[in-house]
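The structure appears right after this line, and notes come after that.
Side-chain atoms are counted along with the backbone in the values below, which use heavy atoms only and exclude waters and symmetry mates.
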Amino acid sequence: MKAWRQGLLGAVMLGSAVVVAEPPPTNSAQGTQLHGSERFESINIPHASVEGPPLPSGVTCATVKSGMVGGRIVVWQVTCTGGTPPFPGALQDGPSLVGTTFRAPFEGRSVKLVIQEARCHVGITGAPVACSTENLNSGAARWEFRVSATTDDKTTVPLCPTGSGFALAVPHPWSAGGELLNNPDYFTFACAPSNQGTSSSPFFVGGGVIAKCIDWGYAPWSGATNGDDITRDSHELCTRMARADYCGEGKSNTLDGTPLSFMGPQNALALSTNGYPAATVNQGQYALEAVWARDSCGTVRPLCLGKKRWDSLSLEATCLNRALEAGTPPVIATGPSIRPCEDMKLTNFADDTLLVSYSLFIDRALVMFKKNDTEFVTTTSVVADLQEHPGFMDVSTFKTDLTGDGLADMPSPYVPLRAEGPILSAKLPANIKKRMGAFIKPLYRCVDSAGRKLLTDSNTCAPATGFFLHAMNSDQGIEGYVYSSVDTVGTGQRRPLKLWKHPTLGFYATSTQSPSSAFVFIKDLGYLPAVGQLPGRDL
């Protein structure tokens, strides 16, 4: 996710309703999954499948029902007979639910879910709240559960393999496209993150964005009640934002660990200049990412993207052309003109249900350019032309910005050729870089006396003789970071980045595939990160 960093939020105003979300004073390191349960992301659990916790010897109950009261799952065992003394029936909640079983459709079969342990949930945004009767009844506290999952092949695994290992029970099912559906006959388990930092400097890892948004104050219920359309809409708005689901189709367009700051329209207006959103927050560290809203068709997606987000998009975003065409009316006969969020008047949306997000982007677009069909440069120093915005795998509107001033090089001899994918930013936050440790390594920017450029993993520019390190603005010549190794069996499969050489002309090129048949392979440089996947070990 987009990890959270404390920012400028106060209470957040969403539309005509007030949804209070205090600023989380912590960060986290997940965001590509809704539930955080990896293999079991797609399951929705029918309440009708419940098998209550074990009963006293000799007791049978004619009625066993499951239901949600706000964020609290309860099981009724009534009309019971037998037992000594007679069992009067019970309303099971929290720890008394240990042993309760549910079954959910899964991959054409089913998965058996068993509650193994229950404890009071400790959120990421403040001090623990005791699970007293008063706090539970008011909605101030809630239980979380360690759940096992057994498939029809009898393999039993934890439902939450990362994070804290515990999950919140959350009302309603989700569609495969990431839409929260209003159906009280179903619920889901949402895995919570774990703090792998310290109490004074926490760093939350794992889990999914459903649990994160609940802790941020965007639960799909109201207090101790089951909520309404507004609370559900606000919760979905938060989850789309937290995953960078730009197209509203259930696909993430972010790297795990990307820092995030967000606020509602009133707080954004308080920071704005002449009604336009501020370009940066947090002393300029966080750049404007997107303005998120629900459109007239009920789809949550951005009204726009910030300029730095356009420039940093790796083009693995799932539907760039389709995602934002509704953001502004056409201004030229050939089609819509996509504007950056910096040009959107927030005062026109002051009473709407929306969120404004800012980010310290940890990914950059790595694009290959060519010069005269023989010389190549692969760089993250690019600028996107929004008047002719790119679509999937279309790099035609990217320009080089080799001076790093935020403006396209004019004139430029380089023509865009291919998007290689995302690369970890040279400005990777120190805490994330430390946690990634030996899993990542820098790519260095090198140049020769003729001005030819390449990227390699050596600060001496080896094995390219005649090339020397090219540092800019005291960046030590680091273009960005790639993975130093790849997990070939995990979910985070990545593509290798390679160094190539033209054997007769002596030109070099850095790319995932050979620029032409004339080039020969020199060495592997590392692996590109994977947008929208959860490698598990990245942080």
Requested in this report: Please round to the nearest 0.5 Å and tell me the distance separating atom CG of N282 and atom OH of Y358.
Outcome: 10.0 Å

Query raised in the report: Y246 ring centre to R301 NZ or CZ under 6.0 Å, with the angle to the axis within 45°?
Result: no

Report summary line: Residues at least two apart in sequence or cross-chain that pass side chain to side chain donor-acceptor pair (under 3.5 Å) with T188, listed by chain then number, are none

Report task. Check the surroundings of atom NZ in K441: do more than 12 heavy atoms from other residues, nucleotides or ligands lie under 6.0 Å from it? Result -> yes

Query raised in the report: Looking only at heavy atoms, what is the nearest atom pair of C191 and A211, with distance?
Result: O-CB, 3.3 Å

**Report entry** Sequence-distant partners of K434, side-chain contact (heavy atoms from CB on, under 4.5 Å), two or more places apart
**Finding:** none

Report summary line: To the nearest 0.5 Å, atom CG of D215 lies from atom CD1 of I210 at 12.5 Å

Requested in this report: Applying salt bridge (Lys or Arg N to Asp or Glu O under 4.0 Å), run through R445 and E479 and close with a yes or a no.
Outcome: CA-CA 6 Å; R445 189 187 311 113; E479 183 78 11; 2.8 Å; yes

**Report entry** Pair L288-V356, side chain to side chain contact (heavy atoms under 4.5 Å, CB included): steps then yes or no
**Finding:** CA-CA 8 Å; L288 184 58; V356 182; 3.7 Å; yes

**Report entry** Rounded distance [0.5 Å steps], CG in L260 versus OG1 in T254
**Finding:** 8.5 Å

Report summary line: Sorted by chain and residue number, the side-chain contact (heavy atoms from CB on, under 4.5 Å) partners of A169 (sequence neighbours excluded) come out as M68, I73, F145, F187, F189

Query - Contacts of type side chain to side chain donor-acceptor pair (under 3.5 Å), residue T460, not counting sequence neighbours - result: S458

Report summary line: Minimal heavy-atom distance between L407 and D405, with the atoms involved, is N-OD1, 2.9 Å

**Report entry** Distance-minimising heavy-atom pair for L354 and P265
**Finding:** O-CD, 3.4 Å

Requested in this report: Count the heavy atoms of every other residue, nucleotide or ligand shown that sit under 6.0 Å from CD of E117, and state whether that count exceeds 12.
Outcome: yes

Report summary line: Rounding to 0.5 Å, atoms CZ (R243) and SG (C213) come to a distance of 11.0 Å

Report task. Check for a donor-acceptor pair, side chain of D311 on one end and backbone N or O of A384 on the other, with a separation under 3.5 Å. Result -> yes

**Report entry** Worked verdict on R232 versus E236 for salt bridge (Lys or Arg N to Asp or Glu O under 4.0 Å)
**Finding:** CA-CA 6 Å; R232 286 189 295 272; E236 186 185 337; over 6 Å; no

Query - From CZ (R364) to CD1 (I423), nearest 0.5 Å - result: 10.5 Å

Query raised in the report: Do Q285 and T280 meet the criterion of a side-chain donor-acceptor pair at a distance under 3.5 Å?
Result: no

Query raised in the report: Between N44 and H172, do the side chains contain an N or O donor and an N or O acceptor separated by less than 3.5 Å?
Result: no

Requested in this report: Check whether the ring centres of F262 and W216 lie less than 6.0 Å apart, and answer yes or no.
Outcome: yes

Requested in this report: Measure the SG-CH2 distance between C304 and W310 for me, rounded to the nearest 0.5 Å.
Outcome: 10.0 Å

Report task. Would you name the heavy atoms of W143 and C131 that are closest together and state the gap between them? Result -> CH2-CB, 3.6 Å

**Report entry** Sidechain-backbone polar pair: E144 side chain, A118 backbone, donor-acceptor under 3.5 Å
**Finding:** no

Query raised in the report: Any side-chain donor-acceptor pair under 3.5 Å between E420 and T378?
Result: no

**Report entry** Closest approach of Y414 to L402 (non-hydrogen atoms, all atoms of both residues)
**Finding:** CE1-CD1, 3.9 Å

Requested in this report: Could you list the residues that satisfy side chain to side chain donor-acceptor pair (under 3.5 Å) with D409, not counting sequence neighbours?
Outcome: T400

Query raised in the report: Minimum heavy-atom separation for G206 to T162, with atom names?
Result: CA-OG1, 3.8 Å

Query - side-chain contact (heavy atoms from CB on, under 4.5 Å) against F361, all qualifying residues, sequence neighbours excluded - result: A287, E289, K308, R309, S312, S359, D363

